[in-house]
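Here is the structure we will look at.
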Amino acid sequence: MFEGKEYVYRVYKEGSFSKAAKSLYISQPSLSAAVKREESRIGNPIFDRSTSPVSLTECGQKYIDCVERILAVENEFSNYLTDLNGLQTGCLILGGSHLFSSYVLPPLIGAFSRRYPKVTVRLVEESSSALEQLLLAGSVDLVADNSSFSEELFSRMLLRTEELLLAVPSSFAVNRTAAAYRLPGEHIRHGAHLTDGIPCVPLALFKDEPFVFLKPENDTRQRQMALCLQAGFTPRVVLELDQQVTAYNLTDSGMGISFISDTLVRSVPPHPNVTYYKLSGPLSQRRIWIYQKRGRYVSRAMEAFLDIARAGRTAPEPSP
């Protein structure tokens, strides 16, 4: 049973036999034959091949659920072996959204890999909700995210705090009205915007302007909308996006106003056509956490990564 799980699971993840075959470096006919042998072995089809991408049958969904539990157990045993070998082998699986996978985790991964070069590090990039489920299933070891995961199921360590800023196309005439609140980009990159002397802009000044928002399930989107409503207006959203970096680029091109984190401003080259403003209130401040599942085995690789993250933290742990 489950002899061909690697082939079946790869087709499930890729949603395509051809893509799965390429990633496995085998021919598509060979992969199809392997999956058919597995289906014959269990006596039921796993995939509905009439859909695109291919979808799971009812039996196929149960099969995948079981395989993911098997993979979680295998991953836990691999972590145990890593401990036995003194971090001379093994695998550490980290998860993060696009922003954190691109700009927050890489320096930590680099420091970890330099110290433990024989430990393989894998990075899984998904939405916050998907990462929470992967962490619960044991498919990833640690997740960096600014969302609130279940405190009952997960423990967390503060990595850093970040500020949401208002990014406005410099071509917008409203910048003249808000001139006293302009925040130079170099102040953000050097952290000077965090001082009390920097005034916060009245968000209502921008109530008649177009906004570029993230999609509703995103934490940044929820904060964007709440900040505007607190300022007494419903924003005119001209475009909804998946990624904060895309919204930032569209603001630079003059499309509309966006809310971006100082993490992003510090991490990418300057955007010369953007004017920045500091925002007020707790909604403009959020914490980036490293989450782990409560009660699961904590490998030495996980402990070592958390030690590196603690050493590189840019913000103190908040009081309970």
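Index from 1, following the sequence.
Ring geometry for Phe213 versus Phe211: interplanar angle over 60°, hence perpendicular rather than tilted (30 to 60°).
Under the 3.5 Å distance criterion, the side-chain polar atoms of Thr251 are matched with a main-chain donor or acceptor of Ala247. Without hydrogens or angle criteria, Asp252 side chain to Tyr248 main chain gives no donor-acceptor distance under 3.5 Å. Within the 3.5 Å criterion, the main-chain N or O of Gln285 finds a donor-acceptor partner in the side chain of Arg223.
Connection of Leu158 to Leu194 is not established within any shared hydrophobic cluster, with ILVMFWY side chains joined at heavy-atom distances below 4.5 Å, either directly or through further cluster members. By the rule that hydrophobic residues join a cluster once side-chain heavy atoms approach within less than 4.5 Å of another member, Leu142 and Val104 end up as members of one cluster. Hydrophobic clustering (side-chain heavy atoms under 4.5 Å, transitive across Ile, Leu, Val, Met, Phe, Trp, Tyr) groups Phe112 together with Met157. Under the 4.5 Å side-chain heavy-atom criterion for Ile, Leu, Val, Met, Phe, Trp and Tyr, Leu166 and Phe233 are members of the same hydrophobic cluster. Cluster annotation: Leu135 and Leu131 are assigned to the same hydrophobic cluster (Ile/Leu/Val/Met/Phe/Trp/Tyr, side-chain heavy-atom contacts under 4.5 Å, transitive).
Rounding to the nearest 0.5 Å places CG of Asn218 at 7.5 Å from CG of Asn146. The structure places CG of Leu153 at 13.0 Å from CD of Gln292, a figure rounded to the nearest 0.5 Å. Atom CD in Glu132 sits 6.5 Å away from atom OG in Ser150 (nearest 0.5 Å). With values rounded to the nearest 0.5 angstrom, Gln243 atom CD is found 10.5 Å from Leu264 atom CG. Between Leu56 atom CG and Thr51 atom OG1 the span is 9.0 Å, to the nearest 0.5 Å. To the nearest 0.5 angstrom, Asn79 atom CG is 12.0 Å from Glu74 atom CD.
Residue pairs that meet the side chain to side chain donor-acceptor pair (under 3.5 Å) test with at least one member in residues 16-30, sequence neighbours left out, are Arg10-Ser23, Ser16-Ser18, Ser27-Ser30. Legend: ring-ring contact (aromatic ring centres under 6.0 Å, His included) pairs involving residues 71-95, not counting sequence neighbours: none detected. Sorted by first and then second residue, the side chain to side chain donor-acceptor pair (under 3.5 Å) pairs involving residues 91-115 (not counting sequence neighbours) are His98-Glu125. Residues in residues 179-202 take part in these side chain to side chain donor-acceptor pair (under 3.5 Å) pairs, two or more places apart or across chains: His193-Asp262. Applying the ring-ring contact (aromatic ring centres under 6.0 Å, His included) definition to pairs two or more places apart or across chains, those involving residues 125-175 are Phe149-Phe154, Phe149-Tyr291. The salt bridge (Lys or Arg N to Asp or Glu O under 4.0 Å) pairs that include a residue from residues 46-73 are Glu39-Arg49, where partners are two or more places apart or lie in different chains.
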For Thr263 and Arg160: C-alpha separation, side-chain torsions, deciding distance, then whether side chain to side chain contact (heavy atoms under 4.5 Å, CB included) applies. CA-CA 10 Å; Thr263 299; Arg160 67 171 69 166; 3.9 Å; yes

Please walk me through it: do Glu163 and Ser261 pass side chain to side chain donor-acceptor pair (under 3.5 Å)? CA-CA 6 Å; Glu163 298 273 336; Ser261 68; over 6 Å; no

For the pair Ser128 and Asp145, evaluate side chain to side chain donor-acceptor pair (under 3.5 Å) and give the outcome as yes or no after the intermediate values. CA-CA 7 Å; Ser128 295; Asp145 204 272; 2.8 Å; yes

Kindly indicate, with the supporting measurements, whether the criterion side chain to side chain contact (heavy atoms under 4.5 Å, CB included) is fulfilled by Val121 and Leu94. CA-CA 7 Å; Val121 179; Leu94 305 172; 4.0 Å; yes

Using side chain to side chain contact (heavy atoms under 4.5 Å, CB included), reason through Leu24 and Glu6 one step at a time and then give a plain yes or no. CA-CA 9 Å; Leu24 290 166; Glu6 291 84 2; 5.7 Å; no

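Residues that satisfy the ring pair (Phe, Tyr, Trp, His ring centres under 6.0 Å) test with Phe17, not counting sequence neighbours, are Phe47. Legend: residues meeting side-chain hydrogen bond (donor to acceptor under 3.5 Å, both in side chains) with Thr82, ordered by chain and number and at least two apart, are absent. Residues satisfying the salt bridge (Lys or Arg N to Asp or Glu O under 4.0 Å) criterion with Glu126, sequence neighbours excluded, are absent altogether. With sequence neighbours excluded, the residues forming a salt bridge (Lys or Arg N to Asp or Glu O under 4.0 Å) with Glu240 are Arg221, listed by chain and number. Partners of Lys215 according to the salt bridge (Lys or Arg N to Asp or Glu O under 4.0 Å) rule, which considers only residues two or more places apart in sequence or in another chain, are Asp242.
For the residue pair Gln244 and Leu99, the shortest heavy atom distance occurs at NE2-CD2, 3.7 Å. Nearest heavy-atom pair, Leu203 versus Ala231, reported as atom, atom and distance to 0.1 Å: CB-CB, 3.8 Å. In terms of heavy atoms, Leu227 sits closest to Ser280 at CD2-O, 4.0 Å. The nearest pair of heavy atoms linking Thr275 to Ser170 is OG1-OG, 3.0 Å.
Using a 4.5 Å heavy-atom cutoff, the side chains of Ile290 and Arg156 are not in contact. No side-chain heavy atom of Ile260 sits under 4.5 Å from any side-chain heavy atom of Leu164. Here the side chains of Leu92 and Tyr116 are not in contact, with every heavy-atom distance at 4.5 Å or above. At a threshold of 4.5 Å between non-hydrogen side-chain atoms, the residues Val8 and Ile64 count as touching. The side-chain heavy atoms of Val201 and Leu279, taken from C-beta on, include a pair separated by under 4.5 Å. Side-chain contact between Trp289 and Leu159: absent, with no pair of heavy atoms (C-beta onward) separated by less than 4.5 Å. Taking the side chain as every heavy atom from C-beta outward, Tyr276 and Val265 approach each other to under 4.5 Å. Residues Thr89 and Lys118 form no side-chain contact, since every pair of their non-hydrogen atoms from C-beta on lies 4.5 Å or further apart.
Ion pairing between Arg286 and Glu162 holds under the 4.0 Å rule for side-chain N and carboxylate O. In summary, Asp141 and Arg296 engage in a salt bridge, as defined by a charged side-chain N under 4.0 Å from a carboxylate O.
Counting Ile, Leu, Val, Met, Phe, Trp and Tyr side chains that sit under 4.5 Å apart, directly or through other members, Met255 shares a hydrophobic cluster with Val212, Leu214, Val238, Leu239, Leu241, Leu250.
No donor-acceptor contact under 3.5 angstrom links the side chains of Glu217 and Ser129, judged on distance only. Counting only N and O atoms by type, the side chains of Tyr63 and Glu38 include a donor and acceptor under 3.5 Å apart.
Tested against Tyr277, the residues Ile198, Leu165, Asn175 include a single side chain to side chain contact (heavy atoms under 4.5 Å, CB included) partner, Asn175.
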